[in-house]
Amino acid sequence: MLTAYAQNGQLKRARELFDEMPERTIVSWNAMITAYTRSKGGIFEGFRLFVKMPERNEVSCAAMITGFVNSGRFDEAEKLYNETPLELRDPSCSNVLINGYLKMGRLDEATQIFDRMTKKDVVSWSSMVDGCCKNDRVDEAREFFDAIRERNEVTWSSMINGYMKLGRFRDGLGLFSEMRREDAVRIEPILVTTIFEACGRFDRYTEGCQVHGLVSHLGFEFDVFLGNSLITMYSRFRCMDVARSVFDMMLEKDIVSWNSLISGYIQNKDLEEAYGLFEKAPEKDVVSWTTMITGYSEEGLTEKCIGLFTMMPEKDAIAWTALISGFVINGQYEEAICSFFQMLQTAVRPNPLTLSSALSASAGLATLNQGTQIHAQVIKRNMESDLSIQNTLVSFYSKCGNVDDAYRIFNSIMAPNIVSFNSMISGFAQNGFGKEALKLFEKSQSRGYEPTEITFLGVLSACTHVGLVEEGRNYFRLMKSLYKIEPGPDHCACMVDLLGRSGLLDDAVTFINSMPFVPDSGVWGALLAASRTRFRVDLAMLAAENISKLEPNNAAPYVVLSDMYSFAGKKKEEERVRTAKKLQGIKKSPGCSWITVKNKVNTFLSGDQSHASFKGIKCVLCLILDEMKELHWLDHDWLPP
DNA sequence: CTAGGGTTAG
């Protein structure tokens, strides 16, 4: 009764009953100690009872030490442990302490207790095995494992899981087959699920199928957990037929089975099959809905996302985040921000990913004020030390032109990863600090960070923005030869941009012709922009034709060509381009830009002279253009209107 | 009444 009351949140009733008891045994006292130490702030009342009780046994000590360990009071736990008479010092007391230390990563203290134990049991040994694995000391774990005389299911699975988490299949599966030869230990389905998980994650098809074949003989192939993990594994292998047949053969399915299969189809881009299952599912939960929303947003179908989200009965933080980040990846930043502020008005609390997505949206819009508000939310919610948020903040402040703030945040990151470096390198590059960007790249290399494709986009654009042509060419070569990263379309577009902006247009064309794949519109776009700046009608035509082939509705080729013909006085050609544009039915919305100065948004449309300070702005612009001419960044007087 | 591992889907 005491325990029943305590476990149902009625500690007071338990205490009343305890006080009324005509006589109490050690077990009654122990039950109360456990009840108090497990309830918030009850540790000292628990200890008071422990001191007061007339007689104690080993369970009393273990319970009390557990209480101290679980409330982080290791000093008190250790003191009590040392004061416990040896004949009462059950292995459980030591095991509690050992596991407490292991969970905190305090391996030395755990080992000390372990070494001092006079009678170690299988729990003590298994705890050391697991604790070493969890603290990235798998090989030490193996030493403990080999030293144990008596091994049970926990010992084996701790060791096997340690290997599987690291993808050490030879060691893990080797032990697994050794375990099968032991008569005294059972193979538990749940251990096999972790093997399937690892096979899926490390893309080990052969091993996954082998283990699957093996367990189907053991009689628990119809276990729900096991079936679910098989569905997930085969989905990762892109074997949806097998995943489906596992699903169909399962005698008992739960909502996770349905969700796993839906998610599998979505990962393999079969939205129709996914939606069919979603509709057919006997029950749906927040995960089912969110899975579908994520699937649609990855395919750019944000309308469908909104529809599903609206119909969804209960929305949690992850669901909101799926909606918001879906908008962000599709460039719908206003919608993302709007949803974020809607979310704040509900009781659902944003998680780090939500705030990071909202910050990305602000970065996309370059709305400094709004993003700063979200930064304030980050601080308010104590998420400043979240790495993904810090990285997004670096990007955000950079995009808003606030390199100093970006750099300040970058430097405050305790454990930066390559993404942090990528964000800062790109941030420097975007703001014209090419030298700083390249220096930071070299720093990341000397510190042993592995560069990614994104790293080189930053590096190449840094070279572009300061005209470092040779360095850019060099990095482009190194990328492949030294870092083993294949240049993609974006890297090539960067190179064309680099050569084009430096006036080396013929080199740019040579580069395009030497590309190992068909140039995309980004590559041609870079050439078109350079041709416009340098007034190379021939290359502008080449680029324009190719863009039109790839993106028939893109207005840029028509606009640039007609402007250039117009300047050159070639009225006929200009007219021809304009007519072609009309025939295609292409409408170009006027270019628009804006900047917030002292809380006021200043908007500029192309050709628009209505700004209050138009004269002054134009004057400064002319000064800048003169300087550009002096530096030979422009070859002639022609400028796009 | 106390102590160890494993839990699939967003």
Side-chain angles (χ1 to χ4, degrees), chain A residues 2-3 6-7 25-35 37-38 53 56-67 69-70 90-100 102-103 121-131 133-134 141 151-162 164-165 187-197 200 223-233 235-236 246 253-264 266-267 281 284-295 297 312 315-323 325-326 353:
Chain A
L2 296 178
T3 306
Q7 286 177 354
T25 66
I26 297 187
V27 175
S28 338
W29 286 90
N30 288 350
M32 284 314 291
I33 290 171
T34 306
T37 55
R38 279 186 188 169
M53 66 196 288
R56 288 176 277 270
N57 66 6
E58 69 285 353
V59 176
S60 328
C61 299
M64 198 58 233
I65 294 171
T66 305
V69 166
N70 287 342
D90 194 72
S92 64
C93 301
S94 319
N95 292 343
V96 168
L97 258 182
I98 288 175
N99 279 295
L102 287 172
K103 275 203 191 92
D121 64 5
V122 66
V123 177
S124 330
W125 288 96
S126 306
S127 303
M128 289 310 292
V129 170
D130 183 61
C133 289
K134 296 267 162 68
R151 300 179 188 131
N152 64 11
E153 284 78 1
V154 178
T155 330
W156 284 95
S157 61
S158 298
M159 194 65 240
I160 294 173
N161 287 328
M164 295 318 276
K165 286 253 147 61
I187 292 186
E188 295 165 318
I190 207 133
L191 166 64
V192 189
T193 65
T194 66
I195 295 178
F196 290 148
E197 199 271 335
D223 181 273
V224 183
F225 265 60
L226 199 103
N228 293 347
S229 65
L230 276 170
I231 293 172
T232 307
M233 180 181 80
S235 301
R236 295 237 168 98
V246 170
K253 302 185 211 349
D254 61 8
I255 194 164
V256 178
S257 323
W258 286 85
N259 289 344
S260 303
L261 192 61
I262 292 173
S263 161
I266 282 178
Q267 283 162 39
K284 300 188 229 316
D285 62 3
V286 59
V287 178
S288 332
W289 289 87
T290 312
T291 309
M292 283 311 303
I293 290 175
T294 309
S297 72
M312 194 171 172
K315 294 146 187 157
D316 64 2
I318 304 179
W320 277 100
T321 309
L323 180 77
S325 75
L353 210 73

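Letters go in sequence order (proteins before strands), and every chain restarts at 1. Worth knowing before you read on, the calculation uses all heavy atoms, side chains too, and leaves out hydrogens, waters and symmetry mates.
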How many whole angstroms separate atom [atom1] of [X] from atom [atom2] of [N]?
| X | N | atom1 | atom2 | result |
| --- | --- | --- | --- | --- |
| A:Met233 | B:dT8 | CE | P | 15 Å |
| A:Ile98 | B:dG5 | CD1 | P | 13 Å |
| A:Asn70 | B:dG4 | CG | C1' | 14 Å |
| A:Glu197 | B:dG5 | CD | C1' | 15 Å |
| A:Arg236 | B:dA9 | CZ | C1' | 10 Å |
| A:Leu2 | B:dT2 | CG | C1' | 16 Å |
| A:Met164 | B:dG6 | CE | P | 14 Å |

Could one point to a donor on the side chain of [X] or the base of [N] with an acceptor on the other under 3.5 Å away?
| X | N | result |
| --- | --- | --- |
| A:Ser157 | B:dG5 | yes |
| A:Ser92 | B:dT2 | yes |
| A:Ser127 | B:dG4 | no |
| A:Thr291 | B:dG10 | no |

For this session: Check whether the side chains of A:Thr155 and A:Asn152 place a donor and an acceptor atom closer than 3.5 Å, and report yes or no.
Result: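 A donor-acceptor contact under 3.5 Å links the two side chains.
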Would you classify [X] as touching base, sugar-phosphate or nothing, given that sugar-phosphate means primed atoms plus P, OP1 and OP2, and contacts are heavy atoms under 4.0 Å?
| X | answer |
| --- | --- |
| A:Val286 | base |
| A:Thr3 | sugar-phosphate |
| A:Asp254 | nothing |
| A:Ile318 | base |
| A:Glu58 | nothing |
| A:Arg56 | nothing |
| A:Asn57 | nothing |

Exercise. Are A:Lys134 and B:dG4 close enough that a side-chain N or O sits under 4.0 Å from OP1 or OP2?
Worked result: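 For A:Lys134, the contact criterion (side-chain N or O under 4.0 Å from OP1 or OP2 of B:dG4) is not met.
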Exercise. So, do A:Asp223 and A:Val192 sit near enough that their side-chain heavy atoms are less than 4.5 Å apart?
Worked result: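 No, their side chains stay 4.5 Å or more apart.
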Exercise. Do you know which two heavy atoms are closest between A:Ala319 and A:Asp316, and how far apart they sit?
Worked result: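 Looking at all heavy atoms of both residues, the shortest contact is N-OD1, 2.9 Å.
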Exercise. Where the side chain of A:Asn228 is concerned, which of B:dA3, B:dC1, B:dT8 is the nearest nucleotide?
Worked result: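 Looking only at heavy atoms from C-beta outward on A:Asn228, the closest nucleotide is B:dT8.
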Exercise. Which nucleotide, B:dT2, B:dT8, B:dC1, lies nearest any side-chain atom of A:Val256?
Worked result: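 The nucleotide sitting nearest to the side chain is B:dT8.
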Exercise. Donor-acceptor pair, A:Ser297 side chain versus A:Thr294 backbone, under 3.5 Å?
Worked result: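 Indeed, once roles are kept as given, a pair shorter than 3.5 Å links the two residues.
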Exercise. How long is the gap from CE on A:Met53 to CG on A:Asn30, to the nearest 0.5 Å?
Worked result: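 One gets 4.5 Å once the value is rounded to the nearest 0.5 Å.
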